[in-house]
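Below is one structure. I have some questions about it.
Heavy-atom basis, side chains included; hydrogens, waters and symmetry copies ignored.
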Amino acid sequence: MSTRQARPVVLLRPVPGTSTIHELWAGTKILVVLGFSALLAFYPDWVPLALVTILIVIAIRMARIPRGVVPSVPIWLWILLLLGCVTATLGEGAPEVHLGSYTIALGGLLKFVRVTVVAIVLLALGMLVSWTTNVADVAPAVAKLGRPFKVFRIPVDDWAVSLALALRAFPMLLDEFRLLYAARRLRPRPVLTSRRARRRRWAIEIVDLMAAGITVALRRADEMGDAITARGGTGLISAAPSGPRRADWVVLTICGLVIVVSAVLQATVLAGI
């Protein structure tokens, strides 16, 4: 009987291909993420959740995201969600379901489900942006969006460069740490009889992995620094031309309307229900 191989988390790497979502300006995607995050932070109710979810599903279909990039959910996470549902049900609250002489309050369970759905929706939004955005386009977009803050002497360009370098280095370091962990598992394990020897061996392996990780990070940083210097320095990272186009204004208008309609409904009509 063959076991199904778990799919790892793949982030900060655009999915091959092109679509309308891929061609959107990175700044547009950043503004949409910030807008929807603020909406769900202030109004984490079912109507805003439904509207945002519909837009995300449409964007995923337009971007033609394959199912293979969606990571597998580990069993321990399902167990934690089940425990959360059980403990949240004990919180009681309206509505209530009557089963004969028993009364079950579902208020706590509904709140837990709503918070979980908010987390899943925001996570799906972040993964969608990660799968359709080139890392090189993030720094110019951040620099352009933060241009008004330069009046207050805020180093927007430096922050944009730091963000771009961090986004570039994260996938490389993740692969390096996976390689180090795989090499560690291939090493023969010594036979240790006492518990003290096993604890000491575990501490030594942790120190070895940390030292190897720091060495790899320094080597990667040196290689990246040489590559940036050869291409003209860090100033070119945030100085690349970028800006919104017609499709970006359409997307921003639609998302803005969804945010305004959701906020108005929650503040007026649904507030009295």
Would the distance check show the side chain of Thr116 and the main-chain N or O of Phe112 forming a donor-acceptor pair, the cut-off being under 3.5 Å? yes

Please evaluate residues Leu82 and Trp78 with respect to the criterion side chain to side chain contact (heavy atoms under 4.5 Å, CB included), reporting the C-alpha separation (whole Å), side-chain torsions for both, the decisive distance (0.1 Å), and the verdict. CA-CA 6 Å; Leu82 180 60; Trp78 291 114; over 6 Å; no

Of all the heavy-atom pairs spanning Ala263 and Leu39, show the shortest one and how long it is. N-CD1, 4.3 Å

Keeping the roles fixed (side chain from Ser130, backbone from Gly126), state whether a donor-acceptor pair exists under 3.5 Å. no

Closest approach of Val251 and Val32, non-hydrogen atoms and distance? CG1-CG2, 4.3 Å

Hydrophobic clustering (ILVMFWY, side-chain heavy atoms < 4.5 Å, transitive) - are Leu24 and Ile58 grouped together? yes

Please determine whether side chain to side chain contact (heavy atoms under 4.5 Å, CB included) holds for the pair Arg245 and Trp25, giving the CA-CA distance in whole Å, both sets of side-chain angles, and the decisive distance to 0.1 Å. CA-CA 8 Å; Arg245 292 177 291 184; Trp25 180 46; over 6 Å; no

Arg219, CZ atom: more than 12 neighbouring heavy atoms under 6.0 Å: yes

Roughly how far, to the nearest 0.5 Å, is the CH2 atom of Trp131 from the CD1 atom of Ile60? 7.0 Å

Heavy-atom side-chain proximity of Ser262 to Tyr43 below 4.5 angstrom: no

Tell me whether the count of non-hydrogen atoms from other residues, nucleotides or ligands lying under 6.0 Å of CH2 in Trp249 goes above 12. no

Hey, quick one: are Ile56 and Ile120 part of the same hydrophobic cluster, counting side-chain heavy atoms closer than 4.5 Å, chains of contacts allowed? no

Do Arg64 and Ser19 come within less than 4.5 Å of each other through their side chains, counting heavy atoms only? yes

Is there a continuous path of hydrophobic side-chain contacts, each under 4.5 Å between heavy atoms, that joins Val135 to Val69? yes

Linking I/L/V/M/F/W/Y whenever their side-chain heavy atoms sit closer than 4.5 Å, directly or via other members, would Leu51 and Val115 fall into one cluster? no

Between CE of Met127 and CG of Leu122, what distance do you get to the nearest 0.5 Å? 11.0 Å

Hydrophobic cluster membership, with links at side-chain heavy-atom distances under 4.5 Å among I/L/V/M/F/W/Y: are Leu34 and Phe149 in one? no

Given side chains that start at C-beta, do those of Cys255 and Val258 come closer than 4.5 Å, heavy atoms only? no

For the residue pair Leu49 and Pro44, establish whether any side-chain heavy-atom pair is separated by less than 4.5 Å. no

For Ile75, does the CD1 atom have more than 12 heavy-atom neighbours from other residues, nucleotides or ligands under 6.0 Å away? no

Could you tell me which non-hydrogen atom of Ala63 sits nearest to which non-hydrogen atom of His22, and how far apart they are? O-CE1, 3.5 Å

Correct closest heavy-atom pair for Gly27 and Ala141 would be N-CB, 3.4 Å

Rounded to the nearest 0.5 Å, how far apart are CG of Leu55 and CD1 of Ile254? 7.5 Å

Looking only at heavy atoms, the pair that brings Gly84 and Thr87 closest together is O-OG1, 3.1 Å

Under the side chain to side chain contact (heavy atoms under 4.5 Å, CB included) rule, what do Val121 and Phe36 come out as? Steps first, then yes or no, please. CA-CA 10 Å; Val121 168; Phe36 283 164; over 6 Å; no

Side-chain donor/acceptor of Lys29 to backbone N/O of Thr132, under 3.5 Å: yes

